[in-house]
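Just below is one structure, and these are the notes that go with it.
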Amino acid sequence: MKLLILPLLVTACAAQFNANFKEGRTTIVHLFEWRWDDIAEECERYLGPNGFAGVQISPPNENVVITDPSRPWWERYQPISYKICTRSGDEQQFRDMVTRCNNVGVFVYADAVINHMCGSGYGKETTCGSPYNAETKDFPAVPYSYRDFNDGKCKNEHGAIENYEDEKEVRDCRLENLLDLATGKDYVRGKIAEYMNHLIDIGVAGFRYDASKHMWPGDLKAISQQLHNLNTQWFPSGARPFIYQEVIDLGGEKVSADQYLDVGFVTEFKYGVDLGAVIRKLEGKKMADLKNWGEEWGLIPHYRALAFTDNHDNQRGHGAGGSSILTFFEARSYKMAVGFMLAHPYGLTRVMSSYSWPRTFVDGEDIYNWIGPPMNPDGSIKHVPINADSTCGDDWVCEHRWRQIKNMVIFRNTVNFQPLTNWWDNGGNQIAFGRGDKGFIVFNNEEAGMDVTLNTGLPAGTYCDVISGQKEETRCTGIEINVSDNGSASFRISNLAEDPFVAIHVGAKL
């Protein structure tokens, strides 16, 4: 057995708090491909009451309609214009969503596709009817013309990225077949900033910069500097948009995540890759190794990191997807990974909320990884139905509504700013740690049961385990954990348990 107390650096506080988050809330949820009307309802009935800080939405701008394959998820990443007009809804519905979410302290973060416009060869229909011609690089609804793209900078014959060891090629050539915008030009920067400022003025709190790796950090900084302060109807005077950038960096390439830290937060892809490998016990990895989780594992500084276990790309095998990534398809292990992420102080956290599809592997690749959200016959996104047990129906997975994940979001809010304390492990795949005197969590990822008495650091009393159940008024719906006067408690977790971890915190004390 090992006991360890880890001091929390002052900078760790910055990693768990952002001025644009409602005080005491620390986690964003990505409601992937939800309608604006459904997001508004979810903010009011669930996200706000359960302490979620924000919601990441799918790209809100007009995109090409792709019919072969039929309406894939990735059509949202093929812009035609900056009109707010997609299968998630129109601008009025968007405005209503932003207002309703902001009013309950759940702030909206838009996925900003600003590296490129659409690719060529996908037909002419669009979600809002705007004309365009990808072959001649003509997008009159912006407007952009052939002068506003990077083809002249790319020296290879096809215009697409071929060598990821050439940072100029990565940033100036086309990602796949997508028309690469010349973000170094003042005009292009101005049109992008105009679009994002329109969203800010509506009430959006910030942005995920899609494909940041394929743009120069200096260009992103120049665009960000043109952005308005946030709308003072909901935010303090002078508050700036919260920016986090998609930079896929697993090491070994010329373009690295640390090159973007001056622009804003960065999505840490190694987080889910490495944590998934530990939970899966790949290559001899074990949970005891997580004792020094964070920068010592090669992760970016925690005060600039957006941590996540999976996202809409890598759960489909795209964008740093691989054999270690855990998803909702492996619910037991997935809950452990998300539980660890939400208990550990590293970074700002984002949880995924997905829809399911008939995953089918041929030669190691999921042949249905393109499938879009549940849709009506007219191509509109289906309403997200909520079942009596609070789960979702109609192929909507809604991981954020799983009791264990929702309760760990509350756990994270409760232990905010507390140091990581009272680390214990068995040298293998049983670990435990506390967050000051506010919370304690125990994991059993062994093939044998667990029966240990540990120092929790918590005040004496009876606590409700928020994984097997939760506190409801004066009772626990799941396991009760008794903490003695000296702060110790006994934990028994079967190796066959549906939820192989236990979490207690002062907000769930009887």
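When reading the values below, keep in mind they use all heavy atoms of this one structure, side chains included, and skip hydrogens, waters and symmetry mates.
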Derivation of the side-chain hydrogen bond (donor to acceptor under 3.5 Å, both in side chains) call for D172 and W216: CA-CA 9 Å; D172 292 337; W216 292 93; 3.0 Å; yes
More than 12 foreign heavy atoms under 6.0 Å from [atom1] of [X]: is that the case here?
X    : atom1 : answer
Y368 : OH    : no
Y146 : OH    : no
E165 : CD    : yes

Is the shortest heavy-atom distance from the side chain of [X] to the side chain of [Y] under 4.5 Å?
X    : Y    : answer
Y132 : S81  : no
P301 : L261 : yes
F149 : L181 : yes
K254 : D166 : no
M408 : R412 : no
N115 : T183 : no
S88  : W34  : no
F21  : L348 : yes

Applying side-chain hydrogen bond (donor to acceptor under 3.5 Å, both in side chains), can you list everything that pairs with [X], at least two apart in sequence or on another chain?
X    : result
T126 : E62
R316 : Y355
N231 : none
D138 : none

Pairing of K213 and D249 as salt bridge, 4.0 angstrom limit: no
Worked verdict on N177 versus S120 for side-chain hydrogen bond (donor to acceptor under 3.5 Å, both in side chains): CA-CA 7 Å; N177 188 37; S120 58; 3.0 Å; yes
Which value, rounded to the nearest 0.5 Å, describes the distance between [X] atom [atom1] and [Y] atom [atom2]?
X    : Y    : atom1 : atom2 : value
I57  : I39  : CD1   : CD1   : 6.0 Å
K153 : C173 : NZ    : SG    : 10.5 Å
Y334 : I325 : OH    : CD1   : 10.5 Å
L178 : W74  : CG    : CH2   : 9.0 Å
R87  : D378 : CZ    : CG    : 12.0 Å
W357 : W370 : CH2   : CH2   : 12.5 Å

side-chain contact (heavy atoms from CB on, under 4.5 Å) between D219 and R189, intermediate numbers included: CA-CA 8 Å; D219 293 347; R189 291 174 177 177; 2.7 Å; yes
Does a donor on one side chain sit under 3.5 Å from an acceptor on the other, for [X] and [Y]?
X    : Y    : result
N311 : H30  : no
T26  : N413 : yes
S237 : N229 : no
H400 : E42  : yes
E169 : N163 : no

Parallel, tilted or perpendicular: ring planes of Y195 versus Y82, cut at 30 and 60 degrees: parallel
Measure across [X] and [Y] and return the closest heavy-atom pair with its distance rounded to 0.1 Å.
X    : Y    : answer
W73  : N369 : NE1-O, 2.9 Å
V263 : S224 : CG1-OG, 4.1 Å
P60  : F94  : CB-CE1, 3.8 Å
P72  : P69  : CD-O, 3.2 Å
E75  : I66  : OE1-N, 3.0 Å
S324 : A277 : CB-N, 3.7 Å

[Y] ring center within less than 6.0 Å of [X] ring center:
X    : Y    : result
Y109 : F107 : no
F308 : F269 : yes
Y77  : H312 : yes

Checking [X] side chain against [Y] main chain: does a donor-acceptor pair fall under 3.5 Å?
X    : Y    : value
R174 : D151 : no
E365 : I367 : no
T360 : P358 : yes
D180 : N150 : no
K406 : N50  : no
R280 : S323 : yes

Steps toward side-chain contact (heavy atoms from CB on, under 4.5 Å) verdict (L199, I84): CA-CA 9 Å; L199 300 183; I84 312 304; 3.5 Å; yes
Residue pair H383, E41: steps toward the side-chain hydrogen bond (donor to acceptor under 3.5 Å, both in side chains) verdict: CA-CA 11 Å; H383 166 68; E41 287 187 34; 5.2 Å; no
Test side-chain contact (heavy atoms from CB on, under 4.5 Å) applied to V266 and D258, step by step: CA-CA 8 Å; V266 176; D258 59 9; over 6 Å; no
Result of checking I405, T309, T27 against M341 for side-chain contact (heavy atoms from CB on, under 4.5 Å): T309
By ring-ring contact (aromatic ring centres under 6.0 Å, His included) - contacts of Y164 (at least two apart):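 Counting only residues at least two positions away or on another chain, Y164 forms no ring-ring contact (aromatic ring centres under 6.0 Å, His included).
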Salt bridge (charged side-chain N to carboxylate O under 4.0 Å, His left out) partners of D363, counting only residues at least two apart: none
Residue from R350, Q56, R208, R304 passing side chain to side chain donor-acceptor pair (under 3.5 Å) with Y244: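 Answer after filtering R350, Q56, R208, R304: Q56.
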Derivation and outcome, side-chain contact (heavy atoms from CB on, under 4.5 Å), residues R240 and L227: CA-CA 8 Å; R240 297 293 295 159; L227 299 183; 4.0 Å; yes
